Amino acid sequence: MNYYSLNDPSTKVSFKEATIRGQAPDKGLYFPEQIPTLPEQLIRDIDNISPEELAEKIISPYVGNTIPETDLRRIVAETINFPFPLVQVTDSISSLELFHGPTLAFKDVGARFMSRCLGYFVKDKNQPVTVLVATSGDTGGAVASGFYDVEGIDVVILYPSGKVSSVQELQLTTLGKNITALEVSGSFDDCQRMVKAAFADPDLNRALFLTSANSINVARWLPQQFYYFFAYQQWADKEHPPVISVPSGNFGNICAGLLAHRSGLPVKHFIAACNANDVVPAYLQTGAYTTKPAVPTLSNAMDVGDPSNFVRILEIFNHEFTSLKKVLTSYSISDDETKATIRNVHDRYRYLPDPHGAVGFLALERYLQKHPGDKGIFLETAHPVKFYDAVEAETGEKIPLPDSVSHLLGKEKQSIRIVPEFSNLKEYLINS
Ligand SMILES: *Cc1c(COP(=O)(O)O)cnc(C)c1O
């Protein structure tokens with residue numbers, strides 16, 4: 001399977017090259033040349049196959065011959081070595097919990113898969129690869145945990161001092177080994193500017209093999225299809241497939257779901273659940289796609305004003321607005337509605353959603369009111385404890401700490417403080 005750049009369909013690269021590069025040199029996103037059709041037998045017999053085997057069958061056409069079967073099997077097994085339970089919340093709504101991974105958010109799957117593929121691809125290089133990434137919070141933890149102890153790869157994470165939550169900071173700074181956290185006395189934008197300058201610097205690129213672990217990387221995007229297959233595997237009424245509601249920001253996760261559906265996975269309908277950042281809901285209403293600066297909300301991992309992956313969704317639908325509208329509905333949910341939903345779901349159904357999951361729940365409920373008889377699933381993309389201040393304010397109850405968090409609390413933060421200047425980052429990278 002080859003991948004082309006959405007800016008220029010004539011440039012083709014392998015899965016290996018697309019993973020190492022992240023983005024095409026013309027700045028386009030990579031897209032698979034064909035979307036595979038899964039055997040009907042696989043869908044019919046989905047109850048009788050293990051999650052590992054299922055995941056391997058889904059991803060293997062995309063990886064092609066760039067990773068041998070036995071290595072791919074190991075990579076997939078390590079990627080999904082935690083549960084993805086489907087939990088019934090109301091008569092018609094279930095939650096697919098994607099927060100049982102090491103950093104308590106769904107990004108763990110993409111980060112774990114990408115780190116292991118990259119580790120495989122650089123195995124025979126005699127020079128280590130340096131993954132450089134700027135984070136505003138969630139991505140850094142998933143990348144740090146995903147790449148921890150992967151041989152041949154050093155990870156350097158830049159984060160804005162004092163601007164990430166305490167849990168997020170501990171997830172970034174307590175691992176050690178091949179993970180280094182640079183604590184920048186500046187903003188997230190400063191961190192991002194310094195990382196960009198590093199990728200463009202000739203001295204650094206001579207001295208080091210630099211790459212990024214950006215969320216548009218195909219090796220982070222494609223394994224997110226697994227969630228939708230795991231949802232269907234656990235769905236009792238196979239004759240009536242679920243409506244699936246996906247809390248969306250950069251639209252990578254839902255784009256993977258639409259890809260899975262195009263490959264043959266039965267899904268009744270998709271809902272893109274957005275917060276106040278409503279570029280896509282407005283587009284589906286009016287047909288006009290207008291990007292805007294992001295506005296801050298309670299579900300901050302979805303505060304995106306120009307979703308990078310939406311262009312991949314358009315490509316799946318051949319840029320046909322009417323066929324897209326048949327499969328996808330989108331709602332914008334306000335912060336007040338998000339808070340009321342956290343309270344309501346907790347008080348009425350004894351289930352505790354995080355702010356992102358609450359957006360997904362309410363969008364689904366809204367759709368089901370118009371389509372009585374349908375049933376659905378919302379993806380619960382983060383553990384509520386990651387946003388405990390917002391959630392506890394609504395319920396008035398303390399959220400018990402999961403083991404992965406309480407275990408972090410006793411650990412010592414290790415970070416290197418730098419000022420927000422590129423020369424400082426360069427000096428660190430050259431001398432380390
Ligand atoms: C990243 C993230 C999202 C948004 O996912 P996209 O693929 O960017 O649409 C939703 N919820 C949580 C908790 C996230 O961390």
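Note that ligands are numbered from 1 as they come in the structure, with each ligand's atoms numbered from 1 the same way. Atoms considered below: every heavy atom in the structure, side chains included; atoms not considered: hydrogens, waters and symmetry mates. Remember, predicted model here, so these are calculated numbers, not experimental data.
E33 and Y3 form no side-chain donor-acceptor contact under 3.5 Å, judged by distance and modelled atom types alone. Side-chain atoms of N344 and T341 include no donor-acceptor pair closer than 3.5 Å. In this model, a donor atom of one side chain and an acceptor atom of the other lie less than 3.5 Å apart for N275 and D303.
Counted within 6.0 Å of NZ on K196, heavy atoms from surrounding residues, nucleotides or ligands total 12 or fewer; the atom is thus considered open.
Every protein residue with a heavy atom nearer than 4.0 Å to ligand 1 is included here: F106, K107, D138, P247, S248, G249, N250, F251, G252, N253, A301, M302, H356, T381, A382.
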Could you tabulate the donor-acceptor pairs under 3.5 Å formed by side-chain atoms of residues 74-85, not counting sequence neighbours?
from, atom 1, to, atom 2, distance (Å)
E78, OE1, R116, NE, 2.7
T79, OG1, I75, O, 2.7
N81, OD1, R112, NH2, 3.1

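The aromatic rings of F270 and Y228 lie tilted to each other, with the angle between the two planes from 30° to 60°.
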